[in-house]
Amino acid sequence: MNEREVIIKLDDVYYRYPRAEEYVIKGLDLKIYKGEFVAIMGENGAGKTTLCQLLSGIIPQSQGGKMLGNVTVCGLDTQDHELAILTQKIGIVLEDPETQLFTTSVLNEVAFGAENIEMDPDLILETAKWALDVVTLNGYEKRHPTMLSGGQKQRVAIASAIMMRPEVLVLDEPTSQLDPIGTVEVFETVRRLKDEYNMTIVTATHQSEAIARFADRVIVLHQGAILADGTPAEVFSNKEVVAKAFLTVPQVSGLFIALQDCGVNLGKFPILLEDGIEMLQKAAVKGEQTHE
Ligand code: ADP
């Protein structure tokens, strides 16, 4: 079997903000592999945003503060390479789409970052069209960004972030301001980047339903350290982790946890609604047969 390629590596990373006394990231050791879709979960203040900024190099380069240990992305140590170099490898999408919109048309918006680093104009246009195609916003080039829905605005932000064709896309709670439709649009877009372009996705999020459907792996942060690291099913079925990190689990998982608590154990632990329905149907048929 081929060794999986490590694309992000954290070695004993500690970080404290300027003028703060306490480290908010405490001894993180982590490997993320090429093409993985990783969700970062944890309660508010757990360190999710700080971790996203450490991965993109914004910490410590723009934020300052005190960092110990090393973060390596695509073989580049984030402390040794300028942000302009790092953004070619790792794109970042922030929580609030409004704060990421600067221009008067979708096309200009997507091209904006690339113009700032003096990309060839023909290449900018070609790449912007590709990026808008990836986020399924072709035809929207001339629209004013403020006229878009929340989900569309975040997809414009994703298109801007992938203009450099980065290998890694980091998203910091990208759907927290969106309605359920916008949330699914964003997760489907990001999943497509993984499936079609083998992009590595790291997203901080509380959206357990979307994680259950789209993510390969969940890393749970608690007080700046890793509390759990596993598949969505492993993490959501771990009652201690769920309670300690105040995680919301998918509704269907919550139902099965409640059933277990009443002594009804149906074997497997579903995280997707359709799997839960199938298990309940089977259990119902079995129940009918035993009563015949
Ligand atoms: P999360 O994204 O999980 O809510 P954050 O990474 O935003 O967590 O915050 C982790 C900790 O760092 C919190 O205790 C928060 O108060 C602190 N923190 C975040 N930003 C700053 C800052 N700019 N200066 C000082 N402390 C900060």
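Positions are given from 1 along the sequence. Whatever order the structure lists them in is the order used to number ligands and atoms, beginning at 1.
- Annotation: atom 8 (O) of ligand 1 to nearest protein heavy atom, Gly47 N, 3.1 Å.
- Per-residue contacts place Ala46 under 4.0 angstrom from the following atoms of ligand 1 (heavy atoms of the residue considered): 1 (P), 3 (O), 8 (O).
- Ion pairing between a basic and an acidic side chain is recognised when a charged N comes within 4.0 Å of a carboxylate O; Asp29 and Lys9 show no such pairing.
- The closest protein non-hydrogen atom to atom 18 (N) of ligand 1 is Tyr17 CE1, 3.4 Å.
- Remark: Lys31 does not engage Glu36 in a salt bridge, criterion side-chain N to carboxylate O under 4.0 Å.
- Put simply, part of Glu43 is less than 4.0 Å from ligand 1, judged by heavy atoms.
- Using the six-membered ring where Trp is involved, Phe37 and Phe187 have ring planes that are parallel, under 30° apart on the 30 and 60° scheme.
- One side chain, Asp172 or Thr49, offers a donor N or O that lies under 3.5 Å from an acceptor on the other.
- The distance from the CZ atom of Arg155 to the OG atom of Ser160 is 13.0 Å, given to the nearest 0.5 Å.
- With hydrogens and angles left out, the side-chain atoms of Asp77 and Asn70 include a donor and acceptor closer than 3.5 Å.
- Distance remark: protein heavy atom not present below 4.0 angstrom from atom 15 (C) of ligand 1.
- Counting atoms of ligand 1 from 1 in the listed order, those under 4.0 Å from a heavy atom of Asn44 are 4 (O).
- Ligand 1 does not have Ala20 within reach: every non-hydrogen atom of the residue lies 4.0 Å or more from it.
- Checking atom 20 (N) of ligand 1 against the protein gives a heavy-atom contact under 4.0 Å.
- Near Val24, with a cut-off below 4.0 Å to any heavy atom, the atoms of ligand 1 are 11 (C), 12 (O).
- Of the N and O atoms on the side chains of Glu173 and Thr205, not one donor lies less than 3.5 Å from an acceptor on the other residue.
- By the criterion of a heavy-atom distance under 4.0 Å, both the backbone and the side chain of Thr50 are placed next to ligand 1.
- Annotation: cation-pi geometry not satisfied between Arg191 and Phe214 (NZ/CZ under 6.0 angstrom from ring centroid, within 45° of ring axis).
- For Lys34 and Glu167, the salt-bridge test passes: some basic side-chain N is under 4.0 Å from an acidic carboxylate O.
- Backbone and side-chain nitrogen or oxygen atoms of Gln63 are examined, and none is located within less than 3.5 angstrom of a nitrogen or oxygen of ligand 1.
- Ranking protein heavy atoms by distance to atom 10 (C) of ligand 1, first place goes to Gly45 O, 3.4 Å.
- Of the protein's non-hydrogen atoms, Thr49 CB, 3.7 Å is the one closest to atom 7 (O) of ligand 1.
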